[in-house]
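All values reported here derive from a predicted model rather than from experimental measurement.
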Number of protein chains: 2
Amino acid sequence: MSAVPTPRSGGIQSVERAVAVLKLFGEAEPELGVTELARRLRLHKSTISRLMATLEAGGFVQQDPRSGRYRLGLQLATLAGRALNQYELRDVARGALVTLAQATGETCNLAVRDGDAAVNIDQVLSPNPVKHLGWIGRRLPLHCSAAGKPLLAFALHTDIERVLSVPLASYTPRTVTDPSAMWREIQRIRVDGVALAVEEFEPELTAAGAPVRDYRGEVIATVSASGPSFRLNSDRLLEVAAHVRATADHLSAGLGYRAPTIPVISVAPFGVPGHASPVLRSGELETTGVNKAPKRPGTPGNDRQTLTGRRAPRDARASRAHVPPAGHIARFEGDLGEERSRW
Amino acid sequence: MSAVPTPRSGGIQSVERAVAVLKLFGEAEPELGVTELARRLRLHKSTISRLMATLEAGGFVQQDPRSGRYRLGLQLATLAGRALNQYELRDVARGALVTLAQATGETCNLAVRDGDAAVNIDQVLSPNPVKHLGWIGRRLPLHCSAAGKPLLAFALHTDIERVLSVPLASYTPRTVTDPSAMWREIQRIRVDGVALAVEEFEPELTAAGAPVRDYRGEVIATVSASGPSFRLNSDRLLEVAAHVRATADHLSAGLGYRAPTIPVISVAPFGVPGHASPVLRSGELETTGVNKAPKRPGTPGNDRQTLTGRRAPRDARASRAHVPPAGHIARFEGDLGEERSRW
DNA sequence: CCACAGTGTTGCGACAGACGCAACACTGTC
DNA sequence: GACAGTGTTGCGTCTGTCGCAACACTGTGG
């Protein structure tokens, strides 16, 4: 077994290890060798070698025949394309995103929540890109990115408390990490209907993001525009933020959302807090055939609740909240922020 | 063990199964249940259930809490983004792709070879899209797609023979499946420097594709433009094809390729035939700092050749050529063509 | 309201597959 | 040519994976 015995998480150990290996490939290190992977995961080289051989046969990694080192393979792009194609919101929002990019002159993204991160699911590059900002699939922190903040601000109160109960990662000197300050920021976003992020997540990156709501007012995505800080000064940022909010409001209206006279906090969301369903759900829009008919209405409450529509907890899911012992090698934690945009 | 015993492929069985599960999720069936997956892979429901729990913990799939069925998860998009970001050619070609889409009015793609398929690694949508053509990550057949044909036409003779030695899949009544006819098509492409595909891969889809060469003349990618057949009639298609070829030639020139007075067939390629390396290699371009310095020059020859730079064959890779017995459940074969573009 | 058929989950014991060890083949450097 | 490092592979051990059986839950029809 591994040098540091891992308490059984309830999953299949070999598959867990394969997943952990794939997640080690970051933007800073697109190529890794067997020995380095073994060192990081504290497994034997022969174990890693066999894992890589299996992943390569499936197209998930490729080995450079000269150096013997491995890279992520394009079979991942194929599966990702399929995953992304499920999101009907991408098709619905594509035109608005193109228009927003043209109006603001900046790179624009559509993001949804996935666990405790925002993930870009569509992107329109700026007509004048200075650098490679974000990318589809990129994970952004909820507390300090323009795409993430609205998803957090309009989440359930208990969910926000849970997210803020763990130390908030600091990405730049401007990252807000104090939970009290974060609550004040959340109040601001709720009032303004748009979030700003000025060099909080990445140096010299400024962005504005606004919530996209479905017909019940549930925040299901965010629209954001981002660019270099030298181009997005205070005045320009407010102008861009107005565009972003207008785009998000327009999309929300198209999904059947009717804004009340006072802003409300999200209540009784579908499904599991923290995951956006790829299939849009609609009340009044259902009759238009725009979206697939949703399954039976969701109910508020915890993950996998019995009766009223939810499945009972699974031990493997319970393991998600497992607090690993000291020295434990993290296996599934998604990595954020170590991927800086390239100039 | 499974009802149909599988000869040991040399890989790790649990990981192979996990990969096979992920590949079952297609565009036609984005959501699958445990029982259905078990039926298709001829494994027990409990085996599949535990595999899915492990993949879900890693973010590779998501379970709909109401229906209990699974979908591909966004962690795949994150890994795919990292895989795609390695391809320097995307950055180099992005501007040309935008210009080509504007000039032709059609959706344009950049594709590379991955095993026996062409895979889109970048895309610019038509200003007037009629339908959702292709997508990044989509795998296209080498024998009947505009992106694939140039990759095949300029491959090594032995490689072409190998590809044409197995029955060519038929996607539409117009698909060329006769190897002799395919050789003639290959000769045409070599002379014209551009490939056409008129409803060969997908009904009512017409496309043109041209090879992008590196400084040594090696075909490392294709540029293609595609659109609905009602818009791309014969005259219009030739016009688009001219644009596509010009764009590909321009990109090739930018990579250091100098076209000889007579067309040549590719010789002595880098690395493994069938896989495009994400890192561009350059002779004269190296001094300009445009590309990362390549590793030591590659040598011609077979996969994993000893001495002159190649590693010895691995049993697991040898298993790629393994001919499965009757009744064998395919585990890694990439699927093509069952994914039709959505109107 | 109940019976039934279907779904996905879980405890458990058997054993087949995964693992680490040791040795090997290969490569780059001095 | 020696050496240090890489990744690969044969082999025996044992533990993690697997399938069975039972369970919990859901939707449907009477």
Ignoring backbone atoms, test whether Q63(B) places a side-chain nitrogen or oxygen under 4.0 Å from the OP1 or OP2 oxygen of dT7(C).
no

With T35(B) via side-chain contact (heavy atoms from CB on, under 4.5 Å) - residues at least two apart:
K45(B)

Over how many whole Å does the gap from L43(B) atom CG to dG17(C) atom C1' extend?
14 Å

Could you check how far CZ of R42(B) sits from P of dC18(D), rounded to whole Å?
18 Å

Quick one: is dC19(C) close enough that its OP1 or OP2 comes under 4.0 Å of any side-chain N or O from R17(A)?
yes

Candidates dC19(C), dG7(D), dG8(C) - which lies nearest the side chain of Q13(A):
dC19(C)

I12(A) CD1 - dA18(C) P separation (whole Å):
10 Å

If we ignore hydrogens and angles and just use 3.5 Å, is the side chain of S49(B) paired with the main-chain N or O of S46(B) as donor and acceptor?
no

List the residues meeting side-chain contact (heavy atoms from CB on, under 4.5 Å) with A221(A), not counting sequence neighbours, and say none if there are none.
L89(A), L110(A), V112(A), V212(A)

Verify, without hydrogens or angle tests, whether R113(A) (side chain) and G115(A) (backbone) share a donor-acceptor contact under 3.5 angstrom.
yes

Salt bridge or not between R139(A) and D116(A)? Use side-chain N to carboxylate O under 4.0 Å.
no

May I have the distance from I48(B) (atom CD1) to dT7(C) (atom P), rounded to whole angstrom?
14 Å

Could you verify whether a donor N or O on one side chain and an acceptor N or O on the other, from Q62(B) and D114(A), lie under 3.5 Å apart?
yes

What is the distance from CD of E16(A) to C1' of dG16(D), rounded to the nearest Å?
11 Å

Dump every N/O contact between nucleotides 21-24 of chain C and the protein below 3.5 Å, one line per pair.
unit_1, atom_1, unit_2, atom_2, d
dC21(C), N4, S46(A), OG, 3.2

Between CD of E56(B) and P of dT9(C) the distance, given in whole Å, is 9 Å

CA sep, side-chain torsions, deciding dist, call: E29(A), R71(A), salt bridge (charged side-chain N to carboxylate O under 4.0 Å, His left out)
CA-CA 9 Å; E29(A) 290 172 303; R71(A) 295 173 170 271; over 6 Å; no

Which residue, L32(A) or L51(B), contacts DNA chain D at a nucleotide closer to its 5' end, judged by nearest heavy atom?
L32(A)

S14(B), nearest nucleotide to its side chain (from dC19(C), dG7(D), dC18(D)):
dC18(D)

What is the distance, to the nearest angstrom, from the CG atom on L55(B) to the P atom on dG8(C)?
15 Å

Interatomic distance, E31(B) CD vs dT7(C) P [rounded to whole Å]
14 Å

Candidates dT7(C), dC19(C), dT10(C) - which lies nearest the side chain of S49(B)
dT10(C)

